[in-house]
Engineer: 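Handing you this structure, nothing more for now.
Given the structure is predicted, the values throughout are model-derived calculations rather than measurements. Counting convention: from 1, in listed order, for ligands and their atoms alike.
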Amino acid sequence: MDFDVARRRFLSGGAALGTLALAPGVTLFAFPAEAKPAHEATSGSVRWGLLVDITKCEPECNTCVKACKAENGWHGFDRPKTDVQWIRKVNVRDPKSGRKFSLPIMCQHCTAPTCVDVCPTGASFKRVDGVVLVDKHLCIGCRYCMMACPYKARSFVHEAIDDQKPHAPRGKGTVDACTLCVHRIDQGRIPACAEACLKDGHGAILFGDLNDPTSEIHKRVATIATTQIRADLGLDPGVRYHGI
Ligand code: SF4
Ligand code: SF4
């Protein structure tokens, strides 16, 4: 059976197990294995992150963006240059080789986040497990963090929001960004982008604990070539890319 077909059938059947043995020595790690059990408290020994395999990411595919919008309730207001964008697809062409590829960019959940450094109110903060968030009650909308973020990961909310999701509070005059679907992580689930990409048959986004030597993301980062975008800036992003 084709690997992707097997994976889709397994997932559509409701994955109750963390792993699935496909053949002797070949084990498929299904997404529940990567998530924290819901009863466990947030821990500083954990470093949640994403590994994006751009060799599996198709230029025309927008599945992760659509899933993020649906999950977190953000949407555009027809202002392309200043629009809200928790995650966006970027098409790249290497001028030397002519090679083209596409990758999703979202908040990189940096170890040394400049957004947190510049925030005058403490609204921008990093959880002990590496997830970088904005406290809407403390944000005064100064937008320093938007200017400080080299990944253009944050957006300003210009309009009154009347259809926000309870798990993703947003408000006019404040800044927001990808939360790594922290509400799902805390329920033992994986982020909506990773889940949708997997269900769509691509499997280009892997979520997990970068610190856990037994996790699939840790093993892959340890054994294949991965890149942090603008690693030279020293922010140590929790989002890694393979195939750039
Ligand atoms: Fe902050 Fe930008 Fe890093 Fe996200 S990507 S943690 S907004 S500096
Ligand atoms: Fe902090 Fe909000 Fe200003 Fe960003 S816009 S720096 S989160 S107060």
Side-chain angles (χ1 to χ4, degrees), residues 42 44 46-52 54 64-65 68-69 71-72 74 77 79 81-90 92 103-161 164 168-186 191-194 205-211 217 221 226-242 244:
T42 304
V46 170
R47 172 86 195 276
W48 295 121
L50 298 172
L51 174 59
V52 183
I54 66 159
C64 54
V65 177
C68 181
K69 281 183 175 179
E71 177 73 19
N72 295 297
W74 59 271
F77 290 93
R79 288 177 282 97
K81 289 194 174 167
T82 57
D83 214 350
V84 173
Q85 46 180 12
W86 287 25
I87 179 172
R88 65 191 192 278
K89 283 295 295 295
V90 176
V92 180
L103 69 166
I105 304 271
M106 67 293 279
C107 174
Q108 305 287 295
H109 297 281
C110 310
T111 299
T114 47
C115 58
V116 173
D117 289 344
V118 300
C119 180
T121 67
S124 286
F125 69 101
K126 183 171 63 120
R127 295 201 335 176
V128 290
D129 57 5
V131 180
V132 177
L133 299 169
V134 178
D135 183 336
K136 301 295 177 305
H137 300 288
L138 295 177
C139 178
I140 56 174
C142 67
R143 291 176 255 189
Y144 287 175
C145 57
M146 289 178 65
M147 289 183 277
C149 172
Y151 301 99
K152 206 177 164 190
R154 290 201 164 174
S155 309
F156 185 74
V157 181
H158 292 268
E159 286 83 4
I161 307 289
Q164 60 186 306
R170 309 181 58 229
K172 182 180 180 181
T174 65
V175 161
D176 55 28
C178 157
T179 65
L180 209 56
C181 280
V182 71
H183 59 287
R184 293 170 67 108
I185 294 175
D186 288 345
C193 58
I205 304 177
L206 176 66
F207 167 80
D209 179 5
L210 290 161
N211 284 350
I217 192 169
V221 168
T226 60
T227 305
Q228 294 172 313
I229 295 178
R230 291 303 310 268
D232 56 306
L233 296 174
L235 276 60
D236 187 20
V239 181
R240 313 290 167 88
Y241 292 86
H242 168 67
I244 291 181

Engineer: Tell me if a side-chain donor or acceptor on Tyr241 pairs with a main-chain N or O of Leu103 at a distance below 3.5 Å.
Structural biologist: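 No; judged by distance alone, with no hydrogens or angles, the pair does not exist.
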Engineer: Among all protein non-hydrogen atoms, which one is nearest to atom 4 (Fe) of ligand 1, and what is the separation to 0.1 Å?
Structural biologist: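 Result for atom 4 (Fe) of ligand 1: Cys107 SG, 2.3 Å.
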Engineer: Identify the closest protein heavy atom to atom 2 (Fe) of ligand 1: which residue and atom is it, and at what distance?
Structural biologist: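 It is Cys149 SG, 2.3 Å.
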Engineer: Take every heavy atom of Gly122, measure it against each atom of ligand 2, and state whether any distance is under 4.0 Å.
Structural biologist: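 Judged by the 4.0 Å heavy-atom criterion, Gly122 does not count as contacting ligand 2.
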Engineer: Which atoms of ligand 1 have any heavy atom of Pro113 under 4.0 Å away?
Structural biologist: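 Matching atoms, with element in brackets: 1 (Fe), 6 (S).
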Engineer: Flag the pair Lys172 / Thr174 as yes when at least one side-chain heavy-atom distance between them is below 4.5 Å, and no otherwise.
Structural biologist: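 Not touching, per the 4.5 Å side-chain cut-off.
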Engineer: Can you list the atoms of ligand 1 that are under 4.0 Å from a heavy atom of Val132?
Structural biologist: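 The atoms of ligand 1 under 4.0 Å from a heavy atom of Val132 are 6 (S).
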Engineer: Are any of the side-chain heavy atoms of Arg47 and Asp236 separated by less than 4.5 Å?
Structural biologist: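 The answer is yes, as the side chains (C-beta and beyond) meet within the 4.5 Å cut-off.
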Engineer: Would a distance-only check, ignoring hydrogens and angles, find a side-chain to backbone donor-acceptor pair under 3.5 Å from Gln228 to Arg240?
Structural biologist: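 Checked: no pair found.
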Engineer: Give the numbers and elements of all ligand 2 atoms closer than 4.0 Å to a heavy atom of Val175.
Structural biologist: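 Per the distance check, 5 (S).
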Engineer: Can you find a heavy atom in the side chain of Met106 that is under 4.5 Å from one in the side chain of Arg88?
Structural biologist: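 No, side chains not in contact.
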Engineer: Provide the number and element of each atom of ligand 2 under 4.0 Å from a heavy atom of Thr121.
Structural biologist: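 Answer for ligand 2: 8 (S).
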Engineer: Just need the protein heavy atom nearest to atom 7 (S) of ligand 1, so name the residue and atom and give the distance.
Structural biologist: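 Of every protein heavy atom, Arg154 NE, 3.5 Å lies nearest to atom 7 (S) of ligand 1.
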Engineer: Between Asp176 and Trp74, is any side-chain donor less than 3.5 angstrom from a side-chain acceptor?
Structural biologist: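 Per modelled atom types, Asp176 and Trp74 side chains form no pair under 3.5 Å.
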Engineer: Give me the nearest non-hydrogen protein atom to atom 3 (Fe) of ligand 1 as residue plus atom name, then the distance to 0.1 Å.
Structural biologist: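 Going by distance alone, atom 3 (Fe) of ligand 1 is nearest to Cys110 SG, 2.3 Å.
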Engineer: Quick one: which ligand 2 atoms are inside 4.0 Å of a heavy atom on Arg143?
Structural biologist: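 Those atoms are 3 (Fe), 5 (S).
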Engineer: Distance to 0.1 Å, residue and atom name: give those for the protein heavy atom nearest to atom 1 (Fe) of ligand 1.
Structural biologist: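 Protein heavy atom at minimum distance: Cys115 SG, 2.3 Å.
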Engineer: Any idea which atoms of ligand 1 are less than 4.0 Å away from a heavy-atom of Tyr151?
Structural biologist: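 Matching atoms, with element in brackets: 5 (S).
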Engineer: Near Ile140, which atoms of ligand 2 are under 4.0 Å from a heavy atom of that residue?
Structural biologist: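 Atoms satisfying the 4.0 Å criterion: 2 (Fe), 8 (S).
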Engineer: Flag yes if more than 12 heavy atoms outside Tyr144 fall under 6.0 Å of its OH atom; otherwise flag no.
Structural biologist: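 For Tyr144, atom OH is not crowded (no more than 12 foreign heavy atoms under 6.0 Å).
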Engineer: Do you know which of Val134, Leu133, Leu138 makes side-chain contact (heavy atoms from CB on, under 4.5 Å) with Lys136?
Structural biologist: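 Of the listed options, the one satisfying the test is Val134.
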Engineer: From atom 2 (Fe) of ligand 2 out to just under 2.8 Å, does an N/O/S atom of Cys119 turn up?
Structural biologist: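 No, outside the cut-off.
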Engineer: Is there side-chain contact between Phe125 and Val132, with heavy atoms separated by less than 4.5 Å?
Structural biologist: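 A side-chain contact is absent here, since even the closest heavy-atom pair is not under 4.5 Å.
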Engineer: With heavy-atom distances below 4.0 Å as the criterion, list the atoms of ligand 2 near Pro120.
Structural biologist: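 Heavy-atom distances to Pro120 below 4.0 Å select 6 (S).
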Engineer: Check ligand 1 against Thr114 and write out every atom of the ligand that is under 4.0 Å from a heavy-atom position of the residue.
Structural biologist: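 Counting atoms of ligand 1 from 1, those under 4.0 Å from Thr114 are 8 (S).
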Engineer: Need the ligand 2 atom indices (1-based, order shown) with element for anything under 4.0 Å from a heavy-atom of Cys142.
Structural biologist: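 Those atoms are 3 (Fe), 5 (S), 6 (S), 8 (S).
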Engineer: If the threshold is 4.0 Å, N to carboxylate O, is there a salt bridge linking Lys126 and Asp117?
Structural biologist: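 Salt bridge: no.
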Engineer: Give the atoms of ligand 2, by number and element, whose distance to some non-hydrogen atom of Ser124 is under 4.0 Å.
Structural biologist: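 Listed by number with element, the hits are 7 (S).
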Engineer: Give the atoms of ligand 2, by number and element, whose distance to some non-hydrogen atom of Gly141 is under 4.0 Å.
Structural biologist: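 So the answer, numbered in order with elements, is 2 (Fe), 5 (S).
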Engineer: Taking the side chain from Asp209 and the backbone from Trp48, do they hold a donor-acceptor pair closer than 3.5 Å?
Structural biologist: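 Pair absent, no side-chain N/O of Asp209 close to backbone of Trp48.
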Engineer: How many angstroms lie between CZ in Arg230 and CD in Gln108, if you round to the nearest 0.5 Å?
Structural biologist: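 The CD atom of Gln108 is 12.0 Å from CZ of Arg230, to the nearest 0.5 Å.
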Engineer: Taking N, O or S atoms only and a limit of 2.8 Å, check whether Cys139 reaches atom 3 (Fe) of ligand 2.
Structural biologist: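 So Cys139 does not bind atom 3 (Fe) of ligand 2 by this criterion.
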Engineer: Looking only at protein heavy atoms, which one is nearest to atom 5 (S) of ligand 1, and what is the separation?
Structural biologist: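 Here the closest protein heavy atom is Gln108 N, 3.2 Å.
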Engineer: Main chain of Cys181, side chain of Thr179: is a donor-acceptor contact present, judged purely on distance under 3.5 Å?
Structural biologist: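 Flag set: sc Thr179 to bb Cys181 pair under 3.5 Å.
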Engineer: Going by heavy atoms, is Val118 under 4.0 Å from ligand 2?
Structural biologist: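 It does not, in that no heavy atom of Val118 comes within the 4.0 Å cut-off of ligand 2.
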